[in-house]
Amino acid sequence: MLSCGLPLRCVGPACPSGCLSCRFPLCGRSCHRRGVAAIVSDKLLQWYDAHARDLPWRARPAEPAPEPYRVWLSEVMLQQTTVAAVKPYFEAFTLRWPTVEQLAAAPEEDVMAAWAGLGYYSRARNLVKAARAVAELGAFPDTEEGLRELPGLGAYTAAAVAAIAFGRRAVVVDANVERVVTRLFNLTDPLPGVRKAIRTCADTITPEERAGDFAQAMMDLGSSICTAREPKCLLCPLANDCRARAEGDPAALPVKAPKKAKPVRQGRAFWLEHDGSVWLVRRDGKGMLGGMRALPDDGWSARGDGADNYPVDGAWQPLGLVRHTFTHFTIELSVERLFVDAPPPGAGLWWPTATIDEAGLPTLFAKAARLALA
DNA sequence: TATTCGTGGAC
DNA sequence: TGTCCAAGAAT
């Protein structure tokens, strides 16, 4: 086996010269670690310059950074959400609210409705809060620490916005980076325990310059080459530096803890109709689908079935069953209809059924509406 | 650290 | 059809 002849104290990807003897824990010293890391980040940036995806919220490589508002908005939308799903929402939001000040001035209800269908609705609630905080401040914070104070910005998003919008050196770790780094360094311990090691390793290859491009390059690599299933190692610009490829199994990383089974819950949703309109309520505060418009229901949740209690007495007509799977449980929702002359007790509003698509219903209730109007 | 938060596409 | 998965945050 060829040796590169450098001190055997380094960490990180295999030596670019082919040396496979540099497999030692992080020494943190100025051995040739820096040299190896710089080569890796340079290779990745060169690959990015040639292969970066063209996305609505993104500047082309080496171009001036896009507006912080667009970076922030896209990053929040992209949390646990695919690029394809985000695109139309990003276009709609930036068209309707071109600046963070305009978003800050919008009624929360309108923002929630515009977010309907995208999921994880606490993001929309925090989006409004953060926009108002930024409007109050006069501008986005331009450091990772400052951004971290805004609601809805965790470690990942604060680092990403700091790097992409403000050119700060920040260690940006998302699921793509976790996958790339566990493979590049052959980190075989399971998530989430391995996260500290991932961060340490990601830090070693994060460059001082172009940290934003580097972060996006890692994400593009993770989404197109270093994919969860069947990674395309033959196309990978870092193949020769990848320790999992040399000595392990890239496709088996990262190792994850087994998942819990999802319970199936039963519940009812109530379609109260009067004069061509349906009665909609607004779900309260924090929990599941919090703040979203919805059909009245019988109190089902992730923890239990509905209580089988109807909002008003009458000859309710069962219309069918809607099955919908959330992250941690499945709901079988019986949709039942009653024609009434007066609104039920409690807050709500009559919404014309002809324009139900514009009510901003989350997907479960949009399915129920589709059933009721079929 | 573990759980609770959506949704739609790929396979 | 079922399972996995995605630019995570808050608690």
Side-chain angles (χ1 to χ4, degrees), chain A residues 52-53 55-58 70-90 112 115-127 129-130 147-165 170-180 190-196 202 212 214-224 226-231 251 254 256-264 283 285-292 294 301-303 323-331 360-367:
Chain A
R53 286 176 293 177
L55 300 172
W57 47 83
R58 179 186 276 187
R70 297 169 65 85
V71 176
W72 163 70
L73 179 62
S74 65
E75 288 300 339
V76 172
M77 287 183 166
L78 286 162
Q79 290 166 5
Q80 295 288 287
T81 309
T82 58
V83 165
V86 164
K87 275 183 178 173
Y89 285 85
F90 181 82
M112 299 302 294
W115 197 275
L118 200 53
Y120 285 138
Y121 298 100
S122 66
R123 294 185 293 176
R125 300 195 295 271
N126 286 330
L127 194 77
K129 290 182 196 161
L147 289 160
R148 188 68 178 75
E149 297 299 312
L150 296 174
L153 277 79
Y156 161 75
T157 307
V161 175
I164 297 169
V171 182
V172 181
V173 182
D174 74 322
N176 286 301
V177 175
E178 286 183 350
R179 193 167 55 253
V180 171
L191 290 170
V194 74
R195 289 225 160 90
K196 180 169 284 187
F214 177 79
Q216 294 177 94
M218 290 285 277
M219 297 188 233
D220 278 17
L221 188 74
S223 69
S224 64
C226 196
T227 48
R229 288 177 299 226
E230 297 184 39
K256 296 183 179 178
K259 305 198 192 304
K260 287 172 47 179
K262 294 181 184 184
V264 179
R283 295 173 65 90
K286 289 256 179 200
M288 153 108 30
L289 309 178
M292 299 300 289
S301 75
R303 286 167 292 286
R323 191 181 174 88
H324 188 78
T325 298
F326 295 102
T327 307
H328 51 301
F329 73 104
T330 294
I331 178 71
L361 295 175
T363 298
L364 171 66
F365 294 111
K367 285 183 185 175

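Heavy atoms only: backbone and side chains are in, while hydrogens, waters and symmetry mates are out.
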### Query
Taking NZ, NE, NH1 and NH2 as the nitrogens, is one of them in A:Arg179 or A:Asp174 under 4.0 Å from a carboxylate oxygen of the other?
no
Against the side chain of A:Gln79, the closest entry in C:dA7, C:dC5, C:dG8 is C:dG8
A:Met288 CE to B:dG6 C1', in whole Å, measures 8 Å
Can you find an N or O donor on one side and an acceptor on the other, under 3.5 Å apart, linking the side chain of A:Thr327 with the base of B:dG6? yes
Taking for A:Glu230 and for A:Pro192 the nucleotide of DNA chain B with the nearest heavy atom, the one nearer the 5' end belongs to A:Pro192
Here the distance between atom P of C:dA9 and atom CG of A:Leu147, to the nearest Å, is 12 Å
**Prompt:** Is the distance between the ring centroids of A:Trp115 and A:Tyr89 less than 6.0 Å?
**Reply:** no
Worksheet item: With a 4.0 Å cut-off on heavy atoms, is A:Arg125 in touch with a base, just the backbone sugar-phosphate, or nothing at all?
Response: nothing
Within the structure shown, what part of the strands sits under 4.0 Å from A:Trp115 by heavy-atom distance: base, sugar-phosphate, or nothing? nothing
A:Lys256 atom NZ is separated from B:dT1 atom P, nearest whole Å, by 17 Å
Has the side chain of A:Thr81 got a donor or acceptor atom sitting under 3.5 Å from an opposite partner on the base of B:dG6?
yes
Measuring only the C1' atom in each nucleotide, how far is C:dG8 from B:dT1? A whole number of Å is fine.
16 Å
Quiz prompt | A:Tyr120 side chain near C:dA6 phosphate (N/O to OP1/OP2, under 4.0 Å) | solution = no
Validation row: A:Val264, A:Phe329 side chains within 4.5 angstrom (heavy atoms): no
Does B:dC5 have OP1 or OP2 under 4.0 Å away from a side-chain N or O of A:Lys286? no
Of A:Gly193 and A:Ala302, the one whose closest nucleotide on DNA chain B sits nearer the 5' end is A:Gly193
Regarding the side chain of A:His328, the nearest nucleotide among C:dA7, B:dG8, B:dC5 is B:dC5
Of A:Pro151 and A:Val83, the one whose closest nucleotide on DNA chain C sits nearer the 5' end is A:Val83
(message) Contact between A:His328 and A:Met288 at the side-chain level, heavy atoms closer than 4.5 Å - yes or no?
(response) yes
Out of C:dA7, C:dA6, B:dT7, minimum distance to the side chain of A:Thr82 belongs to C:dA6
Between CG of A:Leu191 and C1' of C:dC5 the distance, given in whole Å, is 13 Å
Notebook entry, point to check: Is A:Arg148 side chain donor-acceptor paired with the C:dA10 base, going by distance under 3.5 Å alone?
Noted result: no
Which part of the nucleic acid does A:Leu289 contact within heavy-atom distance under 4.0 Å: base, sugar-phosphate only, or nothing? sugar-phosphate
Here the distance between atom P of C:dG2 and atom CZ of A:Arg323, to the nearest Å, is 6 Å
Tell me, do A:Phe326 and A:Ile331 make a side-chain contact under 4.5 Å, heavy atoms counted? yes
Practice item. Give A:Ala160 one of three labels, base, sugar-phosphate or nothing, depending on what nucleic acid heavy atoms sit under 4.0 Å from its own. Key: nothing
Taken to the nearest whole Å, CD/A:Gln80 to P/B:dT3 is 16 Å
Review point. How is A:Ser122 classified with respect to the nucleic acid when contacts are heavy atoms under 4.0 Å: base, sugar-phosphate, or nothing?
Key: nothing
Close side-chain approach of A:Phe365 and A:His324, heavy atoms under 4.5 Å: no
Checking C:dA7, B:dG8, C:dC5 against the side chain of A:Ala228 (C-beta onward), the nearest is C:dC5
| task | Give one of base, sugar-phosphate or nothing for A:Arg53, where a contact means two heavy atoms less than 4.0 Å apart. | result | base
Between CZ of A:Arg303 and P of B:dC5 the distance, given in whole Å, is 6 Å
| task | Mind checking A:Thr325 for me? I need base, sugar-phosphate or nothing, with any heavy atom below 4.0 Å counting as a touch. | result | base
Picking from C:dC4, B:dG6, C:dA7, the nucleotide nearest the side-chain atoms of A:Arg229 would be C:dC4
Quick one: are A:Trp72 and A:Met77 in side-chain contact, heavy atoms under 4.5 Å?
no
Please report the distance separating the P of C:dA7 from the corresponding atom of B:dA2, rounded so that it comes out in whole Å.
23 Å
Whole-Å distance, A:Asp174 CG to C:dA7 C1', equals 5 Å
Taking only side-chain nitrogens and oxygens of A:His324, does any of them come within less than 4.0 Å of OP1 or OP2 of B:dT7? yes
Q. Which part of the nucleic acid does A:Ala155 contact within heavy-atom distance under 4.0 Å: base, sugar-phosphate only, or nothing?
A. sugar-phosphate
So what does A:Leu55 touch, heavy atoms closer than 4.0 Å: a base, only the sugar-phosphate, or nothing?
-> base
With sugar-phosphate meaning primed atoms plus P, OP1 and OP2, does A:Lys262 contact a base, only sugar-phosphate, or nothing at under 4.0 Å between heavy atoms? nothing
TODO: Would you indicate what A:Gly222 reaches in the nucleic acid, counting non-hydrogen atoms under 4.0 angstrom: base, sugar-phosphate, or nothing?
DONE: nothing
Considering only heavy side-chain atoms of A:Lys260, the closest of B:dG6, C:dA7, B:dT3 is B:dT3
Any side-chain heavy atom of A:Leu221 within less than 4.5 Å of one from A:Asn176?
-> no
